[in-house]
Chemist: 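Once you've had a glance at the structure underneath, I'll fire off some questions.
All heavy atoms count here, side chains included; hydrogens, waters and symmetry mates do not. Throughout, numbering of the chain's residues begins at 1 and tracks the sequence. Counting starts at 1 for both ligands and their atoms, following the listed order.
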Amino acid sequence: MKPLQLQRYSAGQRSNHWMVVLCFVLAAVSGFALFHPALFWLTALVGGPQWARILHPYLGIAMFVFFLGMFIMFAAANLWRGEDSEWLATAGKVVSEGNKVQIPQKTGKYNGGQKLVFWSFTLSLIVLLATGLLFWQAWFASSVPIPLQRVAVTLHAIAAFVLVLTFIVHVYAAIWVKGTLHAMVRGSVTLGWARHHHPRWFREQIQAQGIKRK
Ligand code: HEM
């Protein structure tokens with residue numbers, strides 16, 4: 001028998017998320033290709049060197065706009081609360097001992113680790129957009145002083161590094177915590193997943209979605 005499920009994401013929220021992922025992958029591929037000659041071969045994946053250079057800024061803007069949609073939907077649920085520090089204190093144990101560790105009972109829809117990831121995504125994308133515009137040759141660079149463009153290029157690379165590291169942590173956690181990918185693919189999670197990883201959210205949803213506990 002299929003275990004009872006709790007709705008976690010609507011179809012619109014999931015489509016929004018996967019559009020961010022598509023833009024991220026294409027912007028990262030074209031960005032890496034522009035970053036270092038050793039990675040020039042990546043231009044073949046986006047239609048050649050000219051296309052890599054033309055498309056990269058537009059892909060970055062598209063990612064920012066799609067992410068803004070997610071930000072508007074999820075920022076409130078990612079605000080830092082007292083219990084998130086409690087979750088972070090158990091994070092080391094969660095990593096080493098997995099499901100045996102009792103997650104703090106007040107953990108809501110997102111835990112402290114997910115919230116840090118959310119704000120790291122947000123900050124790095126803001127810095128990437130703001131700095132990228134300053135040295136976008138096709139539109140704005142000609143009116144920006146060269147020293148400022150150099151600072152912008154450096155900050156752009158640092159923010160990209162932070163974004164890619166955050167992405168690796170995010171994907172690793174999504175795959176490593178069994179049952180989590182299902183939330184972003186099919187929209188739902190099992191009652192057991194919710195009760196274990198997000199106990200407060202579980203209790204709220206049981207009431208809101210009218211599910212009777214045995
Ligand atoms: C292959 C790449 C990716 C995979 C497999 C993936 C997977 C997931 C999964 C499974 C969730 C649901 C987590 C939960 O509900 O507990 C999620 C949520 C989310 N993802 Fe991704 N993701 C990917 C890439 C990205 C990228 C590139 C971004 C942004 C730049 C992103 C931003 C988010 C956000 C904002 C959430 C909502 C969670 C929150 O607000 O803390 N994801 N992702």
Side-chain angles (χ1 to χ4, degrees), residues 5-32 45 56 59-81 83-84 87-88 91 94-95 98-99 103-104 106-130 132 156 158-202 204-205 208-209:
Q5 303 275 317
L6 279 180
Q7 184 70 27
R8 191 153 166 91
Y9 296 109
S10 66
Q13 289 172 327
R14 280 176 279 146
S15 313
N16 192 157
H17 175 266
W18 293 116
M19 285 309 294
V20 173
V21 177
L22 180 69
C23 296
F24 170 83
V25 170
L26 293 173
V29 165
S30 51
F32 280 133
L45 301 176
H56 179 76
L59 288 165
I61 290 176
M63 171 165 56
F64 187 88
V65 171
F66 281 119
F67 185 84
L68 195 60
M70 296 195 77
F71 183 86
I72 291 166
M73 290 186 282
F74 301 128
N78 280 287
L79 292 177
W80 198 261
R81 297 165 56 129
E83 60 264 27
D84 299 319
W87 185 92
L88 275 192
V94 172
V95 171
N99 276 351
I103 303 289
K106 282 186 271 168
T107 306
K109 182 167 187 183
Y110 298 116
N111 61 43
Q114 289 176 297
K115 291 184 182 184
L116 289 181
V117 161
F118 178 85
W119 292 107
S120 176
F121 275 150
T122 306
L123 254 177
S124 49
L125 283 173
I126 291 172
V127 174
L128 279 166
L129 180 75
H156 198 76
I158 294 171
F161 181 71
V162 171
L163 179 63
V164 170
L165 276 190
T166 310
F167 169 78
I168 292 169
V169 171
H170 179 66
V171 175
Y172 180 77
I175 294 170
W176 178 70
V177 181
K178 202 168 163 255
T180 307
L181 266 185
H182 197 270
M184 227 2 131
V185 178
R186 306 300 293 268
S188 61
V189 289
T190 62
L191 294 190
W193 181 96
R195 185 169 44 206
H196 180 74
H197 296 290
H198 304 275
R200 181 168 53 81
W201 181 74
F202 167 76
E204 290 162 3
Q205 292 303 303
Q209 298 186 29

Chemist: Can you sort out the partners of A160 under side-chain contact (heavy atoms from CB on, under 4.5 Å), two or more places apart, ordered by chain and number?
Modeler: L128
Chemist: Indicate, with yes or no, if the rings of F118 and F74 have centres closer together than 6.0 Å.
Modeler: no
Chemist: Using modelled atom types and a 3.5 Å cut-off, is there a donor and acceptor pairing between side-chain atoms of S124 and backbone atoms of S120?
Modeler: yes
Chemist: Just to verify, what does S188 make a side chain to side chain donor-acceptor pair (under 3.5 Å) with, not counting sequence neighbours?
Modeler: Q5
Chemist: Can you produce the list of protein nitrogen or oxygen atoms under 3.5 Å from a nitrogen or oxygen of ligand 1, alongside each distance?
Modeler:
residue, atom, partner, partner atom, Å
ligand 1, 15 (O), R8, NE, 2.7
ligand 1, 15 (O), R8, NH2, 3.2
ligand 1, 15 (O), Y9, OH, 2.5
ligand 1, 16 (O), R8, NH2, 2.9
ligand 1, 16 (O), Q114, NE2, 2.8
ligand 1, 20 (N), H17, NE2, 2.9
ligand 1, 20 (N), H170, NE2, 2.9
ligand 1, 22 (N), H17, NE2, 2.8
ligand 1, 22 (N), H170, NE2, 2.9
ligand 1, 40 (O), N78, ND2, 2.8
ligand 1, 41 (O), N78, OD1, 3.2
ligand 1, 42 (N), H17, NE2, 2.9
ligand 1, 42 (N), H170, NE2, 2.9
ligand 1, 43 (N), H17, NE2, 2.8
ligand 1, 43 (N), H170, NE2, 2.8

Chemist: Exactly one of F71, W80, Y110 should register a ring pair (Phe, Tyr, Trp, His ring centres under 6.0 Å) with W119. Which one does?
Modeler: F71
Chemist: Scan residues 180-190 for pairs that pass salt bridge (charged side-chain N to carboxylate O under 4.0 Å, His left out), counting only residues two or more places apart or in two chains.
Modeler: none
